[in-house]
Amino acid sequence: MKKDFDKDALSDMYKDKFLAPENEIRFVNAPDGSIIEVNPLDDYFCQERPKELKPRKGVVEKFLNWARAESLWVLGFGTGCGSIEIPPLSTPRFDMYRFGVQMRATPRQSNVFIISGYLSVKTLKRAIRSYEQMPSPKYIIALGSCTINGGMYWDSYNTINRLDHYLPVDVYIAGCMPRPEALLAGFGKLKELIKEGKAEKANEYIQNLDWYKANQKKIIKDWNMPDYNW
Amino acid sequence: MFTINNDRSKFPELDDAGNALIDLTSHKYLKLWQGPQHPGVTGNMSLELTVTGDEIVESKTHVGYLHRGFEKLMERRTFIQCFPTCIRLCVAEPDPNEYLLSSCVEELAGIEVPETAQWLRMLALEMARLQVLLRQVPGQAGTFALGLGYQWGNYIRDLILDRFEELTGGRVYHMYILPGGVRGLLPNGFKNRLEENLKLVDEFLPNVWDLIYTNSVFKKRAKGLAVIPKEWIDQYGIYGPAARAAGIMRDVRKTHPYLFYSEIDFEPFTTDESDVFARSLVRWHDLKMTVDIIRQILAKMPEKGDIKAPTPNVMHWKIPKGETYVKCESSRGEYGMYLVTDGSDKPRRVNLKGPSYTHATSVLEKLLVNANIADTAAIMVSLATCPPEIER
Amino acid sequence: MKQLVEIIQNHFPINDIDLRKKSLAFISIHQNQAIPLLEWLKTTHGYTAFVLLTAVDWIEENRFQLTYLISNPENFTELGVRVFIDREKAEMVSAHHLWKSIWVYQRELKEMFGINFPDSPRVNESFILEGWDTIPPYRRDFDTKQYSEETYFPRPGRSTNDPAKHMKSKLYPKD
């Protein structure tokens, strides 16, 4: 579904935000004496808008969804206090490996992002960057009440209240803090959604990219990256 | 072997203030960011490293990824509402936060805590220390990619969390210590079940010794790494295990006995090497000592008794104007709280001072110079950095 | 503690003495004398360890209170030195030459309270916040709830009850 908002008013407000000094064109002296032009926006980033990952038809999509559901690789980025319950998950008592869930070190290798608790504005910027670097299909599990309505920190000046205004959330796990069993149940729910073909939030993010970007730029004051990081 | 302040001839020149003069366009140096993902058992914090080859020439700590503005939030909450907020400061070891806030409030309001409650507080604090050390001791080896001990430790830690659940109802956040006392007595059979878990820790200790401290790779990499000189202890503010590894006795339980620690027989381990290996060794001995202290507490504490002193109605509890500083020993070192009240029902200012405040900023920045990139995580973990303490 | 405070009284003009506990006392001193006092205590009385530096905003009196807490590792005592500075012209002499860790506190105070410490290393770099453009958040006149409601998107449905009224209506509905 497409979200409606006044696009012009917002984009005027945040137009020049990502042109930080480090993103301007600069000239570098190479060791052999030649001068190289560096344009960070073209050289380091891809400026093209992301494309949706269209579902395939029939049994192929079913097979792909089954495969996706059985190997959820989680990005090892503990964003808040909820990350303390992730090490117990990997020990024999809860053993997430039996569900095909395992931790990965970089965004390029993972397809599940656990937002484990409150996000301060400074972390939100890094979380967006990590999320956008993950290859599709990708899913977000939001852990704890602070991602739902702010939780304990509903009146704090530095933590966001609703995660779904900044990143698309597939599964919420309520609690402060949720137990490892709740996390496993959340993974179970995510698997169900994937197998039914309903975990399409990453596509929704791309459809509503302008709305999400406007929300993100409203609070991230020094936006020094391109609109979409690949 | 690596030592502090060794020959810097191939490294950048220093200006008068001791800062490195680094010219990034000279192609000799590279900026490398580590974090804010967790490198091991620490929290979200990032290090801006300037490297040449794989040696670090300058490092800067960047914090603020976990800032929630606790001190501001507590200024607009009543004293009893502060408790659930305050304990979420440090997720690894929440109990010292509860203890500090309640003892600050008790001190300013003039409340005497009953004896049984004080013993129960000690038990909760020591159990919290036990569960942290069960992660931290093998976690140090984990930074050198020896992950097995971490699995063992986490398994036993989980059983300790079960005991916490039985005692307080919460697995991670307990809210057990309240102003005036604690929330409940020990459940039936609690002592026996805790004793069974302690026996597992007893078995774990020699195993982890064999796994880590006799491992030649661990010895080779950790010995002589990131030595803290004795003079730094006061100058930089180094507390707890890091100070004890340098041969200086810093343990609030010994120097300023609070609760009933004066009745417990314990002797914190000190050593002189002051490197990563020594700090890890101090933590191993701390773990052993904690088990011993818990056994002593269980043997000495009264079975029954008053657990909560009467307090006024907490909904509109006004505390007279004053200020105080209370400290206790957390697993990382001296942990203190400075509370200012102005006679209203809300605190005027709360300030928490954890050892990471100095460990992870000025000390870490200094220790990382001349270390290798691969040792960064080990040095961070050996100082037990906990970023929420810095930014709160 | 009492003897120490008496000795300090002979050398420095201090007031507002608060002997809080056996091992803790608070004293107040004028802004210009604070750093010399800290230096004197450090060199002659063994107060070599620095515990914390923080500020309290007394907005009614239009001044900030800075608290320097120092401790003596030999006899395990702590002394809090209070300094009051003007809220309009919030500036204090830096003490980074005395202890190596103090610049971090000063950097935090600059960011969170807007108290300036000229000459302190890296004092103008942002420490905790990123791109903050309103008044420093720890000042009393900054309303965190209002800021949060305006900036972030509060989820509808959160209701607030006055605890006293709520309990009365639950327990004694007839009154």
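A, B, ... follow the sequence lines: proteins, then strands. Residue 1 opens every chain.
In the displayed structure, A:Ile36 atom CD1 is contacted under 6.0 Å by more than 12 heavy atoms of other residues, nucleotides or ligands. By the neighbour-count criterion of 12 heavy atoms within 6.0 Å, atom NZ of A:Lys189 is sparsely surrounded, having that number or fewer from other residues, nucleotides or ligands.
A distance of 9.5 Å separates CE in A:Met152 from OH in B:Tyr173, rounded to the nearest 0.5 Å.
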Just do the ring-ring contact (aromatic ring centres under 6.0 Å, His included) check on B:His67 and A:Tyr157 with the steps written out, would you? CA-CA 10 Å; B:His67 178 64; A:Tyr157 53 86; 5.6 Å; yes
Chi angles and distances behind the side chain to side chain contact (heavy atoms under 4.5 Å, CB included) call for B:Asn44, A:Lys122: CA-CA 11 Å; B:Asn44 288 357; A:Lys122 212 171 173 178; over 6 Å; no
Please report the C-alpha distance between B:Tyr65 and A:Lys125 in whole Å, then the side-chain angles of each, then the deciding distance to 0.1 Å, and finally whether the side chain to side chain contact (heavy atoms under 4.5 Å, CB included) criterion is met. CA-CA 10 Å; B:Tyr65 300 97; A:Lys125 191 173 155 189; over 6 Å; no
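Counting heavy-atom pairs under 4.5 Å between each of A:Gly117, A:Ser120, A:Ala105 and chain B puts A:Ser120 at the top.
Taking 4.5 Å as the limit, some side-chain heavy atom of B:Arg135 sits within range of a side-chain heavy atom of A:Ile84. In this structure the side chain of A:Met177 reaches within 4.5 angstrom of the side chain of B:Val91, judged on heavy atoms. For the pair B:Pro36/A:Phe77, a side-chain contact is recorded, criterion being any heavy-atom separation below 4.5 Å from C-beta on.
The residues A:Glu181 and B:Arg171 are annotated as not salt-bridged, no charged nitrogen and carboxylate oxygen being separated by less than 4.0 angstrom.
By the side-chain contact (heavy atoms from CB on, under 4.5 Å) test, A:Glu70 is found to be paired with A:Trp66, A:Lys191, A:Lys195, residues two or more places apart in sequence or in another chain being considered.
Of the two parts of B:Glu391, neither the backbone nor the side chain holds a non-hydrogen atom closer than 4.5 Å to a non-hydrogen atom of chain A. Contacts between B:Arg68 and chain A at a heavy-atom distance below 4.5 Å involve backbone atoms as well as side-chain atoms. Interface residue B:Leu66: backbone and side-chain heavy atoms are both found under 4.5 Å from chain A. Contact annotation for B:Pro84: both backbone and side-chain heavy atoms come within less than 4.5 Å of a heavy atom of chain A. Interface residue A:Cys176: backbone and side-chain heavy atoms are both found under 4.5 Å from chain B.
Contacts between residues 85-99 of chain A and chain B, counted as heavy-atom pairs separated by less than 4.5 Å, involve A:Glu85, A:Pro87, A:Pro88, A:Ser90, A:Thr91, A:Pro92, A:Arg93, A:Phe94.
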